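Down below is the structure, laid out as structure tokens.
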Amino acid sequence: MISVAWLLLLFLLGAAVLTVIDSETSAQEVAGFSFPLGSSVLTFVLFLAGWAGLKIDLRLTLGGAVSLLLISLLVIRRQRRRRLGGLAMAFKDWTHPQGLLLMSLVLLLLVAAFIGVGRSYSSYDAAAGWAIKGYGIALQGDVQAAADWGTWGKAYPLNLPLQIGLFEVVGGDGATLSKLIFPIYLGSLLAGCYWFWRRHRVPRTAAILTLLIIATIRLVFYHATIGYANLPFATYLVLGTLLAIEGWEGQRPRLLAISGLMLGSAAWTRAEGLGFVALIFITLALPHIALRRRLPRGRVLPTVLIPPAVAVPWLLFARQGIAASHLGEAASGFLPRVLAGQLNLFQLYLIPRLFAERAAHPDNMGLFVPVVLALWIAGVWRARPWEDLPLIQAVTTSAVMVLVPIGLFYVRSFTRPDDFRELLVRSFDRAFLPATFMLIIVGIWMVFGGQEGPGRLAEE
Amino acid sequence: MKLHRRQILDLFLLAVFLFQAISLWDDYAGPWLLGVAKTWDSSRQERAEFFMHWVKDDHRRLLRSVRDHVPLSASVMIPPTGDDFVLSDKALMQFLLYPREIVRCSPAVMGGAQGCFEYATERSIPMITTETFPGDIEATDQVEYLYSTSTYGVLFSGSSPVGSGE
């Protein structure tokens with residue numbers, strides 16, 4: 001019960017932060033963005049407090065969460081914002097089949113939650129990496145405990161370990177209700193996709209059916225149950241990108257500030273986050289420059305500044321640990337070997353080939369490959385994505401999400417020559433999660449976008 | 001009845017969803033739901049062990065014995081890296097025996113297996129043994145097995161504060 005109340009508090013905190021940033025926030029946006037934002041904002045504040053020497057205990061955790069919530073509510077009160085569109089309004093003209101599809105989606109998430117909680121942290125990285133680091137921090141009340149508990153020392157950011165550890169602090173995590181955060185991340189991501197599609201007038205039935213398709217991709221569903229950081233990371237990255245595309249030239253520039261927080265949260269979740277985010281920003285800006293338009297500098301500043309503002313404190317905290325991490329070792333081993341003439345071209349070919357083999361098998365990724373191919377072929381023909389800036393940005397950021405994992409594993413091939421194939425089979429699929437989501441989101445947008453009249457959408 | 005283009009596309013999406021849902025149920029969700037239902041009342045470590053395919057029954061019996069007899073505030077010594085995949089993995093053992101402190105035998109620092117044994121007994125730290133660890137050592141009279149099978153055991157010195165665990 002305490003754990004459920006804690007989840008609700010994180011959701012409320014995120015909703016309040018969202019509303020402080022953008023008083024136009026809709027019910028759909030609250031549903032999609034609140035939990036990921038509330039969680040990462042709180043863990044980051046607690047990390048800074050812990051690093052400054054405060055003990056991470058029940059008093060600090062609850063005090064921090066409630067204080068942040070109250071401050072946000074005070075700011076909202078001063079804003080005299082318009083009333084949040086009610087949930088009843090959001091479901092006003094839904095048909096019975098659409099309601100049934102939505103209930104199927106909720107049921108799927110509940111099944112994922114049941115399996116996730118029941119299987120505890122039974123995958124290696126989840127148990128020996130993310131969870132035990134959080135429990136260790138909770139036990140000692142000290143963020144420096146990250147160095148002694150679990151694998152990887154301080155090489156990875158503490159967003160996820162702290163999220164798990166705070167359940168131990170608040171009420172004990174014997175029942176592993178902390179595992180509920182993973183289906184909630186998936187639910188948030190799906191709600192964010194729905195929000196994005198509906199803004200681009202994708203018909204509701206097609207939107208919900210595609211959410212069901214995403215949730216039943218074996219890789220996606222599996223990651224909603226096992227407790228790895230890849231799904232939360234993909235959620236932050238994809239939602240941050242969609243918000244950036246939406247806010248870039250749209251009527252609501254403040255969406256870019258929310259995007260900045262999401263992308264900053266990605267940098268606060270995995271070590272490669274900041275580099276990934278930097279490339280996403282470049283691919284958002286490049287089409288703009290190529291179309292000879294003036295970059296809206298004032299607007300995009302939050303998207304540029306927030307991720308490094310989040311990542312730099314962690315980089316300072318973990319500077320020695322990062323150098324000793326897989327990524328640090330790979331990066332330091334890569335350049336000297338390339339300069340010596342070693343190119344690993346076979347490995348570069350092996351990465352997409354092996355993934356294509358695995359992705360094409362329905363047991364791994366359902367019908368992802370044929371569906372994405374069909375959507376993109378039909379979509380490019382229909383939407384002509386080279387004529388519209390947001391679509392160009394969506395296509396270029398999708399390309400980044402495909403290429404970055406390939407690049408990361410290519411770099412790792414230089415330091416893992418003996419077991420590179422096993423490493424690919426074991427780890428590449430999950431590194432491809434952001435691309436998995438983005439390719440479907442953009443494909444659906446290209447095929448179905450603009451098919452529903454704006455009048456019907458205005459009510460959502 | 002004539003179908004519109006949008007309805008055909010919706011039917012295509014519905015077919016994809018149904019195919020994936022059935023496949024997901026058969027290969028993953030169904031079997032896991034049954035497995036999870038069986039272990040629902042167990043502790044978080046026991047549930048994790050049950051689903052970790054690399055943790056064998058022998059490991060589970062040993063870990064249960066440690067959890068039953070070694071206090072939460074105590075330390076436990078584990079074999080050196082590479083001895084036994086599960087028992088020598090410090091991070092994994094931290095999770096499975098949380099919140100006990102895990103001390104890994106480091107032969108280079110502690111002076112071989114004998115050194116690790118002496119380190120543990122001098123400090124009254126229960127020590128997990130395997131078929132190969134600590135091997136031939138000179139044990140004192142005060143040392144006895146808290147738990148012992150043909151493959152694994154828990155050694156401790158007679159004066160150690162071993163009592164009820166969880």
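From a predicted model like this one, the values you see are computed outputs, not experimental measurements. Here is the naming used below: chain letters follow the sequence lines, and residue numbers restart at 1 for every chain.
Taking chain A as the reference chain and counting heavy-atom pairs below 4.5 Å, the highest number among Phe50(B), Phe12(B), Phe51(B) is found for Phe51(B). Heavy-atom pairs under 4.5 Å with chain B were tallied for Leu101(A), Val111(A), Asp148(A), Asp173(A); the largest tally goes to Asp173(A). Of the listed residues (Ala112(A), Ala131(A), Pro203(A), Ser123(A)), the one with the most heavy-atom contacts under 4.5 Å to chain B is Pro203(A). The greatest number of non-hydrogen atom pairs below 4.5 Å with chain B, out of Ala374(A), Ala378(A), Ala206(A), is found for Ala206(A). Interface check for chain B: of the options Gly366(A), Ala127(A), Ser104(A), the most heavy-atom pairs under 4.5 Å are formed by Ala127(A).
Nearest heavy atom pair, residue Ser23(B) against residue Pro362(A), reads OG-O, 4.3 Å. Shortest non-hydrogen contact noted between Ser122(A) and Ala48(B) is CB-O, 3.5 Å. The heavy-atom pair separating Gly118(A) from Val36(B) by the smallest distance is CA-CG1, 3.5 Å.
One finds the OG1 atom of Thr176(A) at 10.0 Å from the CD atom of Gln45(B) (value rounded to the nearest 0.5 Å). Distance OH/Tyr98(B) to CD1/Ile132(A): 6.5 Å, rounded to 0.5 Å. One finds the CD1 atom of Ile214(A) at 12.5 Å from the CZ atom of Phe17(B) (value rounded to the nearest 0.5 Å). In this structure, CG in Leu14(B) is found 12.0 Å from CD1 in Ile208(A), a value given to the nearest 0.5 Å. In this structure, Thr205(A) OG1 and Arg6(B) CZ are separated by 7.0 Å, a value rounded to the nearest 0.5 Å. Atom OG1 of Thr210(A) is separated from atom CG of Asp10(B) by 8.5 Å, given to the nearest 0.5 angstrom.
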Inset, instruction - Give the intermediate values and the outcome of side chain to side chain contact (heavy atoms under 4.5 Å, CB included) for residues Lys133(A) and Gln94(B). - result: CA-CA 9 Å; Lys133(A) 210 170 277 297; Gln94(B) 282 177 326; over 6 Å; no
Let me see the working for Leu108(A) and Leu24(B) under side chain to side chain contact (heavy atoms under 4.5 Å, CB included), right down to the final yes or no.
-> CA-CA 11 Å; Leu108(A) 259 173; Leu24(B) 182 72; 4.3 Å; yes
Exercise. Check the pair Ile115(A), Tyr28(B) against side chain to side chain contact (heavy atoms under 4.5 Å, CB included), reporting the backbone distance first and the verdict last.
Key: CA-CA 10 Å; Ile115(A) 293 174; Tyr28(B) 185 71; 4.2 Å; yes
Between Trp149(A) and Lys90(B), does the side chain to side chain contact (heavy atoms under 4.5 Å, CB included) criterion hold? Intermediate values first, please.
CA-CA 9 Å; Trp149(A) 287 83; Lys90(B) 185 176 176 183; over 6 Å; no
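The contact between Leu33(B) and chain A is made by backbone and side chain atoms together, counting heavy-atom distances below 4.5 Å. Neither the backbone nor the side chain of Trp25(B) has a heavy atom closer than 4.5 Å to any heavy atom of chain A. When heavy atoms are compared at a cutoff of 4.5 Å, Gln140(A) does not approach chain B at all. Neither the backbone nor the side chain of Asp26(B) comes within contact range of chain A; no heavy atom of the residue lies under 4.5 Å from a heavy atom of that chain. Heavy atoms closer than 4.5 Å to chain B are found in both the backbone and the side chain of Tyr222(A).
Here Trp40(B) and Phe114(A) bring their ring centres to under 6.0 angstrom of each other.
No more than 12 heavy atoms of other residues, nucleotides or ligands sit less than 6.0 Å from atom CH2 of Trp381(A). Counted within 6.0 Å of CG on Asp57(B), heavy atoms from surrounding residues, nucleotides or ligands total more than 12; the atom is thus considered enclosed.
Considering only heavy atoms from C-beta on, Trp32(B) stays 4.5 Å or farther from Thr225(A) through its side chain.
Put simply, the side chain of Gln20(B) gets close to the backbone of Leu367(A): a donor and an acceptor are under 3.5 Å apart.
Within the cation-pi definition used here (under 6.0 Å to the ring centroid, within 45° of the axis), Arg47(B) does not qualify as a partner of Tyr121(A).
Ring geometry, Tyr124(A) versus Phe85(B): the interplanar angle falls from 30° to 60°, so the pair is classed tilted.
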